[in-house]
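Below you'll find the structure, written out as structure tokens, and then a few comments.
It should be emphasised that the depicted structure is a prediction, and the values quoted were computed from it without experimental measurement. In this chain, numbering begins with 1 at the start of the sequence shown.
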Amino acid sequence: MANPFAKGWKYLTASLDQKIDENADPKVQIQQATEAAKKQHQQITEHAAAVIGNQRQLEMQLDRLVKQQAQLQDKARQAIQLADSATDPAEQAKYTNTAEIFASQLVACEQQLEDTKAVYSQAQAAAEQAKKQQAESEMRLKEQLAQIDELRAQADQAAMQESTTKAMDTIGQFKEDDSVPTLDEVRAKIERRYANALGAQELTESSMSGRMAEIQQAGTDFKANARLEEIRAELNKGKSGELTSGADADTAAKPEGEAESKPEV
């Protein structure tokens, strides 16, 4: 059964790495990638240099062994010639012994030479492979540097776009902030105040029209009452004239000399 603490630690580190990658500056990451690519190429180059250096060292050993082989052969040949030309048995034995020593050294040298040649053959193949890897690494580094230049340009464009977005966010176009009114909210507030003002003006005009109508109606009623009084006065005046005319007619109908009888006291 998996250890829950180890599992939780791995999850925490993975989550933390993801957060770091999300919030990391692209230019810093590009610089890190550039340094990593250069470092990798440098390591490959140093390794290739070491492999080639080993080949060159083996070449120097081969040259030295070849020269040593030639010298031992010459010495062994001279010792044999001296032994063959010697008349004294002691001298002959001496030179023969010396020739045998040179022959033994020659055999050892030739054996070392053969071993060195085998190692050199391997070193030569390794050096060719190292040269190829170094050349491929150099080409890959050039491609990576070209891509890094493109990434830097894209990062600059992204940073410029982010700056533009932040500048536009300050006026509330993309990012809403409860503490700062948006343009739509300001527009709605102005339109609401303007509409309320229009409504109040309409109510005022309606009230003024009503009062004007009342005043006009009051004037009409006043004129009607005055006219009615005039008509009533004319009627009253007509009635007074008729009564006066009737009294005059009764007086004329009585006989002359007839006096009004007074009641006796």
Side-chain angles (χ1 to χ4, degrees), residues 2-3 6-77 102-167:
N3 189 350
K7 186 176 180 180
W9 175 255
K10 290 181 180 179
Y11 176 81
L12 181 61
T13 53
S15 178
L16 182 61
D17 291 339
Q18 184 178 3
K19 292 296 182 181
I20 292 174
D21 290 337
E22 290 177 355
N23 298 323
D25 187 356
K27 288 188 177 180
V28 174
Q29 290 183 324
I30 290 172
Q31 184 64 29
Q32 291 176 346
T34 303
E35 293 176 356
K38 290 182 178 180
K39 184 177 180 181
Q40 183 180 8
H41 175 67
Q42 182 180 0
Q43 291 175 350
I44 294 175
T45 302
E46 291 177 353
H47 176 71
V51 172
I52 295 173
N54 183 48
Q55 179 194 7
R56 295 292 182 263
Q57 185 178 3
L58 290 173
E59 286 180 355
M60 290 185 289
Q61 290 180 3
L62 286 174
D63 291 339
R64 186 171 60 253
L65 290 172
V66 169
K67 291 179 180 179
Q68 186 178 359
Q69 180 188 21
Q71 291 175 358
L72 291 173
Q73 286 177 352
D74 290 340
K75 290 179 179 180
R77 187 179 299 110
F102 287 147
S104 298
Q105 292 178 354
L106 179 59
V107 170
C109 178
E110 290 176 347
Q111 183 62 44
Q112 186 178 2
L113 182 60
E114 293 297 326
D115 295 339
T116 304
K117 286 182 178 180
V119 175
Y120 175 76
S121 178
Q122 296 176 357
Q124 189 176 16
E128 295 296 328
Q129 183 67 24
K131 289 179 181 179
K132 183 179 179 181
Q133 290 179 352
Q134 196 274 341
E136 292 176 352
S137 177
E138 186 175 1
M139 292 180 60
R140 184 166 58 251
L141 178 62
K142 290 181 179 179
E143 293 177 356
Q144 289 176 345
L145 292 178
Q147 294 176 0
I148 285 171
D149 291 338
E150 293 180 358
L151 288 175
R152 282 200 180 98
Q154 292 177 357
D156 292 337
Q157 292 178 357
M160 185 180 299
Q161 185 65 32
E162 289 176 355
S163 299
T164 304
T165 303
K166 289 180 181 178

Search all heavy atoms of [X] against all heavy atoms of [Y] and return the closest pair with its distance.
X	Y	result
K38	L141	N-CD1, 4.0 Å
A103	A76	N-CB, 4.3 Å
C109	Q69	SG-N, 3.5 Å
I44	S137	CD1-OG, 3.6 Å

Rounded to the nearest 0.5 Å, how far does [atom2] of [Y] lie from [atom1] of [X]?
X	Y	atom1	atom2	value
D115	Q61	CG	CD	11.5 Å
R140	Q133	CZ	CD	9.0 Å
E150	L145	CD	CG	11.5 Å
Q68	L113	CD	CG	9.5 Å
L65	Q112	CG	CD	4.5 Å
E143	I148	CD	CD1	12.0 Å

(request) Decide whether Q42 and E46 meet the rule of one side-chain donor and one side-chain acceptor closer than 3.5 Å. (result)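 There is such a pair between these side chains.
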(request) Give me the one residue out of Q43, H41, E35 that meets side-chain contact (heavy atoms from CB on, under 4.5 Å) with K39. (result)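 When Q43, H41, E35 are each tested with K39, the side-chain contact (heavy atoms from CB on, under 4.5 Å) holds only for Q43.
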(request) Can you establish whether the number of heavy atoms outside K132 located under 6.0 Å from its atom NZ is more than 12? (result)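 12 or below, so no.
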(request) Could you check if a side-chain atom of Q105 sits within less than 4.5 angstrom of a side-chain atom of Q71, using non-hydrogen atoms only? (result)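 The answer is no; the side chains never approach within 4.5 Å.
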(request) Could you walk me through whether Q55 and L58 pass side chain to side chain contact (heavy atoms under 4.5 Å, CB included), step by step? (result) CA-CA 5 Å; Q55 179 194 7; L58 290 173; 5.8 Å; no
